[in-house]
2 protein chains.
Amino acid sequence: MPRWEPDAQGRLKRAALELFEAQGFERTSVAQIARTAGLTERSFYRYFPDKREVLFAGDELQTHLVAQVEAADPGLTPIEALLTALGTADEIFRPREFLLRRVRVIAASPALAERDLIKLADIADALVRALEHRGVEPGKARFIIDVAIAVARRATSRWLADPDATLSELVAQTADELREAVAPPAPTVG
Amino acid sequence: MPRWEPDAQGRLKRAALELFEAQGFERTSVAQIARTAGLTERSFYRYFPDKREVLFAGDELQTHLVAQVEAADPGLTPIEALLTALGTADEIFRPREFLLRRVRVIAASPALAERDLIKLADIADALVRALEHRGVEPGKARFIIDVAIAVARRATSRWLADPDATLSELVAQTADELREAVAPPAPTVG
DNA sequence: ATCGATGACAACAGATGCTGTCATCACATA
DNA sequence: TATGTGATGACAGCATCTGTTGTCATCGAT
């Protein structure tokens, strides 16, 4: 018999998500999360550096995107490489049920929204480095990534609302939308 | 004789910036900032809702951009309206000396970088609403704003590094760079 | 089979961020 | 003189997060 129940980290994650859903992020204390998971407050901080991080642990998306960009055909344009990488990332977002609950909890708390933004920024930083490895100049790499993230947000937002479409389809469609938006306005229309 | 020294808020801001520069954000306490400014910790929280906000108070940039977008020529494309609004915002960023110190302090602290991102997101939200007033569909407005922010970051970064160029020049130049980046690659180059 | 190292956790103490509440005191006004 | 207003101080209190130490299973080596 093991001395402790297994999967302490997973128990903390599940307890936190349910408590945040039930009573909000600010109104649940770390001690309460730990108690619900059968642990002490101090043990919580062994697994997560702070209260918000319990919803953000793991970096599968970042490692996936970086790997895809580094393995991409060198003939591809940086934007193309990023967007095709994004198109293959839909497996990371499953199960959709969990993702939707998480998105709702994050949107309901400014503190969690803040953390969400910086996690996205971390992914962006990693992708900037990946583009630099491909020979893109740093300032330009940052710019390309910001544009690609704009496309990614648009495409994944559509993907969440429309479960039938495939992510890579939506990415391609959004890229078209981008070209149209930045094109100089039609000089004279009929 | 006034009972208290004037400009308590300004004294707190200046004390905070200098202390953050000297010893870092995490290692300076609110009590220390208040003491340096000749106030108590409790008074600090009367002027700023939390420790980070002492570097972020004020929303001149947001109100300027929103006003410019709402006053823009209805014939302009959304992207054009945003970028021309940005081109006139350089006065907000002065004095450049102060801005540079602030940028360095923010970059040195993850907690401040987090807050910086959410302030940018707040501006983005306000601009989304402004575009919706112009009749842009919400999802598309969000997308356009994200792209415009990518351009803005690129252009202001160049502006900080090159004091001679004017911001609107750099914005136009970055817009060209964007069109080039998203254009389909040249099919066959002799 | 015993012993020591390691790992997972609890218990305790403390610094700091942030909030609620009330008293204080100069100043304005009547 | 009396009274109100507004900025501030004083004090108490909760929550987040950290440092440190002790306990007890498990594992490997002797």
Side-chain angles (χ1 to χ4, degrees), chain A residues 1-57 105-106 108-116 118-119, chain B residues 1-57 105-106 108-116 118-119:
Chain A
M1 285 286 288
R3 180 172 177 193
W4 295 284
E5 293 297 312
D7 194 21
Q9 185 159 341
R11 273 151 50 212
L12 286 169
K13 281 187 184 180
R14 287 186 291 272
L17 182 59
E18 301 204 354
L19 288 170
F20 293 165
E21 280 178 326
Q23 56 189 22
F25 173 79
E26 282 80 11
R27 275 172 303 188
T28 97
S29 72
V30 173
Q32 186 181 11
I33 299 169
R35 226 181 302 125
T36 306
L39 295 171
T40 64
E41 179 184 340
R42 194 67 189 86
S43 291
F44 177 96
Y45 286 104
R46 259 184 267 283
Y47 291 102
F48 305 102
D50 60 60
K51 181 181 167 188
R52 307 177 200 177
E53 204 65 18
V54 69
L55 277 189
F56 294 96
V105 168
I106 291 174
S109 156
L112 291 175
E114 234 177 87
R115 180 58 52 89
D116 199 32
I118 212 169
K119 286 293 174 178
Chain B
M1 285 284 292
R3 182 175 178 190
W4 295 284
E5 292 296 312
D7 194 22
Q9 185 159 343
R11 273 150 52 212
L12 286 169
K13 281 187 184 181
R14 287 187 290 274
L17 182 59
E18 300 204 355
L19 288 170
F20 293 166
E21 279 179 325
Q23 55 190 22
F25 174 78
E26 282 79 10
R27 276 171 303 187
T28 98
S29 71
V30 174
Q32 187 181 10
I33 298 169
R35 227 179 303 126
T36 305
L39 295 171
T40 63
E41 180 184 341
R42 194 66 189 87
S43 291
F44 177 96
Y45 286 105
R46 289 200 176 88
Y47 290 101
F48 306 101
D50 61 61
K51 181 181 166 187
R52 306 177 200 178
E53 204 67 22
V54 69
L55 277 188
F56 294 95
V105 168
I106 291 174
S109 157
L112 291 174
E114 235 177 83
R115 179 58 53 90
D116 198 33
I118 213 169
K119 288 292 174 175

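Below, read A as the first sequence line, B as the second, and so on, with proteins coming before strands; counting in each chain starts at 1.
Going from atom CD of A/Glu41 over to atom P of D/dC14 covers 14 Å, rounded to whole Å. Distance CD (A/Gln23) to P (D/dA15): 12 Å, rounded to an integer number of Å. The separation between B/Ile33 atom CD1 and C/dC18 atom P is 10 Å, rounded to whole Å. Atoms CG (A/Asp50) and P (C/dG17) sit 15 Å apart, rounded to a whole Å. A/Arg115 has its CZ atom 13 Å from the C1' atom of D/dC17, to the nearest Å. Taking atom CZ on B/Arg52 and atom C1' on D/dT16, their separation rounds to 12 Å, with Å as the unit. Summarising the geometry, the separation between NZ on B/Lys51 and C1' on D/dC17 is reported as 13 Å, rounded to the nearest angstrom. A straight line from CZ of A/Phe44 to P of C/dA11 spans 18 Å, rounded to a whole angstrom.
Here the shortest heavy-atom pairing between A/Phe44 and A/Asp50 reads CE2-O, 3.8 Å. The minimum heavy-atom distance between B/Ile33 and B/Leu19, with the atom names listed, is CA-CD1, 3.8 Å. Annotation for A/Lys51 and A/Glu26: closest pair NZ-O, 3.9 Å, computed over non-hydrogen atoms.
Each of A/Arg42 and B/Gly38 has a nearest nucleotide on DNA chain D; the 5'-most of these lies closest to B/Gly38.
The pair B/Lys119-B/Glu53 meets the salt-bridge criterion, with a side-chain N (NZ, NE, NH1 or NH2) lying under 4.0 Å from an Asp/Glu carboxylate O.
Side-chain N/O atoms of A/Gln23 and A/Gln32 include a donor and acceptor closer than 3.5 Å.
Heavy atoms of B/Phe48 sit nowhere under 4.0 angstrom from any nucleic acid atom. Using a 4.0 Å heavy-atom distance criterion, A/Ala8 is classed as a sugar-phosphate-only contact.
With distances taken from any side-chain atom of B/Thr40 to the nucleotides C/dA11, D/dG9, C/dT19, the minimum falls on D/dG9.
Side-chain atoms of A/Arg46 and base atoms of C/dG7 include no donor and acceptor less than 3.5 Å apart.
For D/dT8, the OP1/OP2 oxygens have a side-chain nitrogen or oxygen of B/Tyr47 closer than 4.0 Å. Look at A/Ser43 and you'll find a side-chain N or O under 4.0 angstrom from OP1 or OP2 of C/dA10. Of the side-chain N and O atoms in A/Tyr45, none sit less than 4.0 angstrom from OP1 or OP2 of D/dT18.
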